[in-house]
Structure formats: C-alpha cells, structure tokens
Amino acid sequence: MDLVEVKFTLEIAQVPSKQQLAATQVAKEAYVMTLLKQRAITQHRAAVLLGISRLDLAALLGKYEISAIAEQSREEIEQELAQVRATLE
C-alpha cells in the first residue's frame with residue numbers, strides 16, 4: 001500500500017498547538033472525503049483512514065454531499081469486500 005504525504009505552507013501568525021491539531025484533522029477529513037467523492041477509495045477505506053466507524057462515516061456523507069449508495073462496479077464491490085475481510089482477519 002502506498003503512503004501519501006500531503007504538505008502545504010500557510011503564512012499565518014502563531015496558532016496554538018490545540019488549534020493546529022484541530023485544523024489538521026479537518027484537513028485530513030476533507031482530503032479523504034474528496035477522494036471518496038471522486039470514487040478513488042471505498043467507504044470502508046475512508047472510514048479506516050479517518051479512524052471512524054462506517055456509521056460515523058455515514059454521518060459525514062451528507063456534509064460532503066456524497067451519496068450513501070455509491071454506484072459500484074462488480075470489481076469495486078469485490079475489492080471492498082476483500083478489504084473488509086482483510087481487516088477482520
């Protein structure tokens with residue numbers, strides 16, 4: 001599995017570490033949900049990357065205007081099923 005590192009630089013005044021952490025989490029959520037919206041990853045993978053349950057992910061779908069019922073090909077369904085099985089092992 002490939003690791004992706006996303007970096008960007010912002011010129012802003014000092015921000016307390018608690019606020020930096022919160023902003024980083026929001027940015028990560030937006031990045032993962034954008035990948036999900038573009039169908040680059042599955043709902044299962046998005047939940048794993050965000051460290052949340054599928055139920056919690058379902059709550060985020062509306063926020064990002066993503067359909068809960070994704071149109072998936074047979075191959076995509078089989079890939080998601082394989083990911084779930086691997087997680088359960």
Side-chain angles (χ1 to χ4, degrees):
M1 179 177 307
D2 293 334
L3 296 177
V4 175
E5 184 175 5
V6 179
K7 289 185 176 185
F8 54 91
T9 303
L10 299 174
E11 189 174 323
I12 56 176
Q14 287 185 321
V15 178
S17 60
K18 184 176 179 180
Q19 291 174 329
Q20 285 181 8
L21 183 61
T24 300
Q25 185 60 33
V26 170
K28 179 181 177 182
E29 177 185 291
Y31 184 81
V32 169
M33 295 305 285
T34 299
L35 291 175
L36 179 60
K37 190 171 189 171
Q38 295 172 346
R39 299 182 61 203
I41 59 173
T42 64
Q43 290 183 15
H44 171 76
R45 186 73 182 130
V48 169
L49 289 170
L50 294 173
I52 61 175
S53 70
R54 290 285 300 266
L55 184 60
D56 290 336
L57 181 70
L60 287 177
L61 295 177
K63 177 180 174 181
Y64 289 92
E65 298 180 353
I66 300 171
S67 173
I69 303 172
E71 296 179 22
Q72 293 178 301
S73 68
R74 179 179 180 90
E75 293 79 21
E76 290 170 324
I77 293 169
E78 289 173 352
Q79 178 186 8
E80 185 166 357
L81 183 56
Q83 289 174 345
V84 170
R85 285 183 176 145
T87 301
L88 294 175
E89 293 177 349

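In this structure, Thr87 and His44 have side chains that are in contact, with non-hydrogen atoms separated by less than 4.5 Å.
Residues Val48 and Val4 do not share a hydrophobic cluster, defined by chaining ILVMFWY side chains whose heavy atoms lie under 4.5 Å apart. By the rule that hydrophobic residues join a cluster once side-chain heavy atoms approach within less than 4.5 Å of another member, Val6 and Leu36 end up as members of one cluster.
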> Can Arg45 and Leu35 be said to form a side chain to side chain contact (heavy atoms under 4.5 Å, CB included), step by step?
Replying inline: CA-CA 10 Å; Arg45 186 73 182 130; Leu35 291 175; over 6 Å; no
> Passes side chain to side chain contact (heavy atoms under 4.5 Å, CB included), Leu49 versus Tyr31? Steps please.
Replying inline: CA-CA 10 Å; Leu49 289 170; Tyr31 184 81; over 6 Å; no
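Salt-bridge formation is not detected for the pair Glu89/Arg85: no Lys NZ or Arg NE/NH1/NH2 atom is positioned less than 4.0 Å from an Asp or Glu carboxylate oxygen.
Side-chain contact annotation: Gln43 with Arg54, donor-acceptor N/O pair under 3.5 Å present. There is no side-chain donor-acceptor pair under 3.5 Å between Gln79 and Thr42.
Residues Ile41 and Val32 come closest through the heavy atom pair CD1-O, 3.7 Å.
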Please output the side-chain donor-acceptor pairs of residues 58-65 that fall under 3.5 Å, not counting sequence neighbours, one pair per line with the distance.
| from | atom 1 | to | atom 2 | distance (Å) |
| --- | --- | --- | --- | --- |
| Lys63 | NZ | Glu29 | OE2 | 3.0 |
| Tyr64 | OH | Glu29 | OE2 | 2.6 |

